[in-house]
Amino acid sequence: MCINNKLFSIRNFYLLASVFLVFTSNVYAKDPSELGFLYKQVIDAPKNNSYNDAISKVIEVNDKYKGDQQSRFTINQPLTTLYSYVGQYEKAISFPTDVPLISEDLIENLSAISAVDKIQAMSEETKIVMINEAHHIALHRTLTASLLQKLWSSGYRYLAIETLSKRDVDINIRGYAIERSGTYSNEPVYAEMIRTAKKLGYQIIAYDDSGSEREKKAAENIFNATFSINTNAKVIVHCGYSHILEKNIKDKRIWLANELANLTGINPLTISQTNLMESKTLEFENPIYNKILKKFNPKIPIVLTDNLGLVWSTMPGQHDVDVIWPRTTYTNTRPDWYIQNYDLIAFEGRWCRNKYPCIIEIRRGNELNAIPFDRLRIEVEPNENVVLRLPLHESIIFGFNEHGEKVFEEKINASKG
């Protein structure tokens, strides 16, 4: 599905596994015990609202390796993930992942079109659509969420999600994610993506596995839950980073997309959001990302096509299409893409008992065990308006102090926003 021409090469540091220990073992080995410590903060923080403590502990390790850029790349993955959990989007995109190489610009003869519309059209040519994400970028989950209704109309009925735990056997009955449902699903946008899928009628599949045959076992788990039951099944796979690679020219590792193709005989549509990402610091971006924004000035996520309608990819033959997002704009400290079309409520210091840092959560009043509809970490007393978003109907505001202890609770209706 890719344009067959010479595209720029990029050093793909983003070949990350979703489990930090798998990814970091060969990069950050000065003190292996700290690997488990970093990942444990990401796992444990949602269990007891210890986000402040977890962030502080990871920052301490980060400071320890200030002069070691390679180790800091590794440490930033759990740190930025924690920031994403607590609504600090600008902080999540403020740290380097890798310094991209300046590459040949081949976009001059390309055109920009809506990513959602093009992906919907391309989805008609296959039965498997695979969309990746950077695990610390909550925005990436909104692409899958925006496609759910359109792909449902095209016959897609399954949503396979990397982060989900097989321990949560009731998610398809319950219809929403809870703390033990998975890791990244503790982030509110991820949880809302799952809720949206269930409202439409999708069957949610927890497929991920571990060990040396992780990709092969994951493909088998998806197959057994879908195509082995219904040969006409259509499946969306939401995963991280390089799991969408249909071919790996860097090394001999076979990723999930390749395993699924071999197992099913289906050529999946593979969509990347992780090669051309925004950063608060321009030097951390691939230079071609900024060139695309200057040329096309997108207001919505786009893909690039040639005059024949063929899609452009940063890694032709490895994944089919790259989605490019416009830069994030902010209102009252929150990303516009996150708060638009929702009722909002202004933060009040009493929710934190005027002591900082604190965590504020907005939960649906009838589903207190669900992942919060919004969660925000307030580090210091704000000197400007800060807003949180509200779900429809009754909700409850919770305030937690820096140690995760509840200090505030109040019912509120969306109409108050």
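Start at 1 with the first residue, then count along the sequence. Quick caveat: nothing in here was measured; it's all calculated off a predicted structure.
Side chains of Thr163 and Asp208 form no contact here, defined as non-hydrogen atoms less than 4.5 Å apart. Inter-residue side-chain proximity for Gln149 and Gln120 is flagged as unmet; no heavy-atom pair is nearer than 4.5 Å. Contact of the Asp53 side chain with the Glu402 side chain is not registered, since no non-hydrogen atoms from C-beta on lie closer than 4.5 Å. The side-chain heavy atoms of Leu376 and Val386, taken from C-beta on, include a pair separated by under 4.5 Å. Two residues are said to be in side-chain contact when any heavy atoms from C-beta on lie closer than 4.5 Å; Val323 and Ile302 fail this criterion. Taking the side chain as every heavy atom from C-beta outward, Arg327 and Leu293 approach each other to under 4.5 Å. Using a 4.5 Å heavy-atom threshold, the side chains of Phe37 and Pro78 count as separate. With a 4.5 Å cut-off on side-chain heavy atoms, Glu215 and Arg253 count as touching.
Under the rule for a disulfide (SG to SG under 2.5 Å), Cys239 has no partner lying at least two apart in sequence or in another chain. Judged as a side-chain hydrogen bond (donor to acceptor under 3.5 Å, both in side chains), and not counting sequence neighbours, Ser123 has no contacts. With sequence neighbours excluded, the residues that form a side chain to side chain contact (heavy atoms under 4.5 Å, CB included) with Ile137 are Tyr89, Ile93, Ala134, Leu139, His140, Met277.
Between the side chain of Arg363 and the backbone N or O of Ala370, at least one donor-acceptor pair lies under 3.5 Å. The closest donor-acceptor contact from the side chain of Thr126 to the backbone of Asn267 lies under 3.5 Å. Although no hydrogens or angles enter the test, the distance criterion places a donor-acceptor pair under 3.5 Å between the side chain of Asp306 and the main chain of Gly309. Side chain of Asn221 to backbone of Lys217: a donor-acceptor contact under 3.5 angstrom is found. With Arg364 contributing its side chain and Phe373 its backbone, the two residues share no donor-acceptor pair below 3.5 Å. Side chain of Ser114 to main chain of Asp117: a donor-acceptor pair is present (N/O by atom type, distance under 3.5 Å, no hydrogens or angles). Counting only distance, with no hydrogens or angles, the side chain of Ser228 and the backbone of Asn224 share a donor-acceptor pair below 3.5 Å. Between the Asp343 side chain and the Leu390 main chain, no donor and acceptor come within less than 3.5 Å of each other. Using modelled atom types, no side-chain atom of Asp168 and backbone atom of Ser165 make a donor-acceptor pair closer than 3.5 Å.
In the displayed structure, Lys199 atom NZ is contacted under 6.0 Å by at most 12 heavy atoms of other residues, nucleotides or ligands. No more than 12 heavy atoms of other residues, nucleotides or ligands lie within 6.0 Å of CG in Asn109, so this atom counts as exposed by the packing criterion. With a 6.0 Å radius and a threshold of 12 heavy atoms from other residues, nucleotides or ligands, Lys295 has its NZ atom above the threshold.
Between Lys216 and Asp209, none of the side-chain N atoms (NZ, or NE/NH1/NH2) sits under 4.0 Å from a carboxylate O, so this pair counts as no salt bridge. Between Glu192 and Arg141 no salt bridge is recorded (no basic side-chain N to carboxylate O distance below 4.0 Å). Salt bridge annotation for Lys291-Glu285: absent, with no cationic side-chain nitrogen under 4.0 angstrom from a carboxylate oxygen. Salt bridge present: Glu379 and Arg377 bring a charged side-chain N and a carboxylate O closer than 4.0 Å.
Lys127 contributes atom NZ, which lies 14.0 Å from atom CG of Leu260 (distance to the nearest 0.5 angstrom). Going from atom CG of Leu159 over to atom CD1 of Ile204 covers 4.5 Å, rounded to the nearest 0.5 Å. Here the CG atom belonging to Leu269 is positioned 10.0 Å from the NZ atom belonging to Lys118, to the nearest 0.5 angstrom. Separation of atoms NE2 (His136) and OG (Ser94) is listed at 9.5 Å; rounding is to 0.5 Å. How far OG1 of Thr144 is from CG of Leu148: 7.0 Å, rounded to the nearest 0.5 Å. Between Thr270 atom OG1 and Ile128 atom CD1 the span is 11.0 Å, to the nearest 0.5 Å.
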Checklist entry - Can Glu124 and Ser154 be said to form a side-chain hydrogen bond (donor to acceptor under 3.5 Å, both in side chains), step by step? => result CA-CA 7 Å; Glu124 300 283 355; Ser154 300; 2.9 Å; yes
Checklist entry - Between Asn369 and Tyr176, does a side-chain hydrogen bond (donor to acceptor under 3.5 Å, both in side chains) hold up when you go through it step by step? => result CA-CA 10 Å; Asn369 64 332; Tyr176 57 85; 2.9 Å; yes
Checklist entry - How far apart are the C-alpha atoms of Glu278 and Thr328, what are their side-chain angles, what is the distance that settles it, and do they pass the side-chain hydrogen bond (donor to acceptor under 3.5 Å, both in side chains) test? => result CA-CA 8 Å; Glu278 108 178 271; Thr328 300; 2.6 Å; yes
Checklist entry - Taking it one step at a time, do Asn172 and Lys198 satisfy side-chain hydrogen bond (donor to acceptor under 3.5 Å, both in side chains)? => result CA-CA 7 Å; Asn172 281 293; Lys198 286 309 303 176; 3.0 Å; yes
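Heavy atoms only, all atoms of each residue included: Glu133 and Thr274 are closest at C-CG2, 3.4 Å.
Taking the six-membered ring for Trp and the full ring otherwise, Tyr85 and Tyr184 have centroids separated by 6.0 Å or more.
Applying the salt bridge (charged side-chain N to carboxylate O under 4.0 Å, His left out) test to every pair with at least one member in residues 254-263, sequence neighbours left out, gives no pairs at all. For residues 226-246, no residue pair satisfies the salt bridge (charged side-chain N to carboxylate O under 4.0 Å, His left out) rule, not counting sequence neighbours. Under the ring pair (Phe, Tyr, Trp, His ring centres under 6.0 Å) criterion, the residue pairs touching residues 192-238 are Trp152-Tyr202, Tyr190-His238, with sequence neighbours excluded.
Between the side chains of Ser313 and Asp320, not a single donor N or O lies within less than 3.5 Å of an accepting N or O. No side-chain donor-acceptor contact under 3.5 Å links Glu384 and Thr333.
Aromatic ring pairs are classed by plane angle as parallel below 30°, tilted from 30° to 60° and perpendicular above 60°; the pair Phe347 and Trp351 is perpendicular.
The side-chain tip of Arg389 points at the ring of Tyr338 from less than 6.0 angstrom away and within 45° of straight on.
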